[in-house]
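To keep things clear, I will list the structure first and then write my remarks on it.
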Protein chains: 2
Amino acid sequence: MPTYEHPRPSVTVDVVVFGYDGGHDLKLLLIQRGSDPYQGQWALPGGFVEMDEDLEAGALRELEEETGVKDLFVEQLYTFGKPGRDPRGRVISVAHYALVNLSKHPAAAASDASEVAWFSLDKLPELAFDHAEIIKLATTRLRAKVRYQPIGFELLPEEFTLGELQALYETILGVPEFNKRNFRTRILRTGILEEVGRQQNVAHRPAILYRFNEATYQQLVEQRDSGVLRRALDFEI
Amino acid sequence: MPTYEHPRPSVTVDVVVFGYDGGHDLKLLLIQRGSDPYQGQWALPGGFVEMDEDLEAGALRELEEETGVKDLFVEQLYTFGKPGRDPRGRVISVAHYALVNLSKHPAAAASDASEVAWFSLDKLPELAFDHAEIIKLATTRLRAKVRYQPIGFELLPEEFTLGELQALYETILGVPEFNKRNFRTRILRTGILEEVGRQQNVAHRPAILYRFNEATYQQLVEQRDSGVLRRALDFEI
DNA sequence: GCAAAAGTGTTGAGTTTACACCCATGA
DNA sequence: TCATGGGTGTAAACTCAACACTTTTGC
């Protein structure tokens with residue numbers, strides 16, 4: 001059965017971009033739609049995938065075209081394909097999420113789309129299509145993932161203090177504040193942080209600056225994969 | 001920009017079906033391709049998605065058409081879209097994985113495809129397209145997921161003993177054997193098992209039969225979502 | 001000296017691991 | 001009575017959570 005006998009849906013790639021600037025909330029990058037459907041409404045950056053590009057590459061391309069933001073961590077999230085989710089016809093969207101540190105990637109500049117802005121994750125505007133649902137799933141995934149994989153580091157500058165790291169975790173997970181002592185012990189125990197210096201010119205004891213050590217992390221992952229199952233299972237729930 | 005201005009890729013849904021029959025290995029359901037490309041080679045069940053059907057529904061439809069297997073747990077896995085993964089042109093595959101207990105769903109009967117068979121997961125034939133890669137990802141996901149979500153129950157009959165459950169976990173995770181005492185304590189502590197009787201006619205002390213209690217599980221999930229974060233984070237690695 | 005945030009010691013409660021043992025059944 | 005798998009008691013090792021305390025800086 002050759003391909004051309006089949007009706008073909010359109011395929012888009014959309015990106016949920018989380019940004020962090022050290023504050024007490026996560027930001028989300030949205031664009032204002034310049035044309036119908038949903039003209040004038042806010043939506044996720046994204047667009048139709050090209051015939052000769054990988055999905056992730058398409059996501060990054062659309063993101064740069066529409067918002068000017070590039071060079072960030074991106075990962076596939078889920079594919080949304082319910083018939084009727086787009087009034088133009090059958091459109092299947094391969095959704096991605098991305099993480100970015102706002103101090104490295106300054107204010108997104110528009111080009112394709114009429115407007116681009118960062119919104120606080122808990123003060124989002126009304127969204128086009130099923131994008132609210134996509135964002136909800138991305139948020140859930142981010143919260144789950146940050147607890148067992150060091151993706152949080154993508155949201156921080158190259159060098160950071162343990163206080164900053166802890167504030168980030170509290171922000172992502174939305175918990176009030178957890179015990180400093182125990183947070184430090186846990187993070188440092190993993191060995192994935194590397195000391196790189198000390199804070200300067202702060203009106204308190206200067207904190208040690210750390211950097212994420214990817215090599216050590218990879219070692220840990222391999223150790224785990226190649227046996228030595230610490231706990232057989234863990235219905236943490 | 002209306003949809004029809006864009007070139008459209010084809011979209012397929014493929015399913016990695018894991019089966020378990022109580023033995024010491026997991027099985028995988030494959031079909032032998034009846035036409036080119038890859039004619040005669042083994043491949044995942046799947047096919048082109050219809051214009052008016054949901055992705056998951058398409059996966060289940062193709063699965064039933066090609067193998068006769070139906071009524072099983074299915075979940076989206078990942079979308080594979082590298083250009084060149086299908087010699088017919090741009091084909092994007094939304095891969096799913098499914099779990100099935102072989103005693104409930106007897107030998108798959110062919111219809112569309114020329115042949116259908118269950119293979120042991122560690123003795124797979126050469127596979128068409130990038131299906132080996134898809135299976136690898138599905139296996140990784142299954143192993144990860146079974147450790148924190150009770151999906152294992154989909155692979156067992158309605159009622160089962162703790163011994164059977166433990167054997168299943170050992171099979172999925174590929175570990176030699178873990179401590180009986182501790183496995184039992186952990187599973188029972190969660191409260192998601194419900195006693196339903198006792199084994200009959202076995203040449204040893206009859207085991208208690210259990211059933212998975214979905215209601216209790218849902219309660220646990222809600223408890224977790226609505227606060228009471230037991231551990232703030234857990235770089236288990 | 002004071003405020004502010006960094007960083008540390010410690011202890012009781014709780015959890016995990018490991019091993020040894022007893023139990024009920026059919027053959 | 002034996003073999004087989006089901007099921008339990010428990011103690012030492014370890015981990016977690018919580019709290020109070022000391023340190024270092026700029027002003």
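Naming convention: chains lettered A, B, ... in sequence-line order (proteins, then strands); numbering from 1 in each chain. All heavy atoms count here, side chains included; hydrogens, waters and symmetry mates do not. Just so you know, these numbers come straight off a predicted model, no measurement behind them.
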Only counting residues at least two apart or in another chain, list the ones meeting side chain to side chain contact (heavy atoms under 4.5 Å, CB included) with B:Leu26. B:Phe18, B:Tyr20, B:Leu121, B:Leu142, B:Leu155, B:Thr171, B:Ile172

Without hydrogens or angle criteria, can the side chains of A:Thr185 and A:Arg189 be said to hold a donor-acceptor pair below 3.5 Å? no

Please tell me if A:Arg186 has a side-chain N or O lying less than 4.0 Å from either OP1 or OP2 of D:dA17. yes

Kindly write out the residues that satisfy salt bridge (charged side-chain N to carboxylate O under 4.0 Å, His left out) with A:Glu158, not counting sequence neighbours, or none if the list is empty. none

Please give, in whole Å, the distance from D:dG6 P to B:Leu188 CG? 13 Å

Counting N and O atoms only, with roles assigned by atom type, does the side chain of B:Arg184 sit under 3.5 Å from a partner on the main chain of B:Leu162, one being a donor and the other an acceptor? no

Can you tell me if A:Arg184 touches the phosphate of C:dG7, counting only side-chain N or O atoms and a distance under 4.0 Å to OP1 or OP2? yes

From CD (B:Gln166) to CZ (B:Arg186), nearest 0.5 Å: 11.0 Å

Can you pull out the residues from residues 202-209 of chain A that lie within a 4.0 Å heavy-atom distance of DNA chain D? A:Val202, A:Ala203, A:His204, A:Arg205, A:Pro206

Roughly how many Å is it from CZ in B:Phe160 to P in D:dG6, rounded to a whole number? 14 Å

Please report, rounded to the nearest Å, how far the C1' atom of D:dT23 is from the CZ atom of A:Arg198. 10 Å

Those residues at least two apart in sequence (or on a different chain) that pass side chain to side chain donor-acceptor pair (under 3.5 Å) with A:Arg61 are A:Glu53, A:Glu65

Distance in angstrom units between B:Glu164 CD and D:dG7 P, rounded: 11 Å

Between C:dT8 (P) and A:Asn182 (CG): distance, integer Å: 13 Å

Please report the distance, rounded to the nearest Å, between CG in B:Asn179 and C1' in D:dG9. 13 Å

Whole-Å distance separating the CZ atom of A:Phe183 from the P atom of D:dA18: 16 Å

For nucleotides 11-13 of chain C, tabulate all protein N/O to nucleotide N/O atom pairs closer than 3.5 Å, reporting atom names and distance.
none

Using whole Å, report how far NZ of B:Lys180 lies from P of D:dT4. 14 Å

Backbone of B:Gln41 reached by a side-chain donor or acceptor of B:Glu126 within 3.5 Å: no

Would a distance-only check, ignoring hydrogens and angles, find a side-chain to backbone donor-acceptor pair under 3.5 Å from B:Gln76 to A:Thr79? yes

First encountered from the 5' end of DNA chain C, between B:Arg181 and B:Arg189: B:Arg189

Holding to side chain to side chain donor-acceptor pair (under 3.5 Å), I want the full list of residues that pass it with A:Glu75, two or more places apart in sequence or in another chain. A:Tyr97, A:Lys145

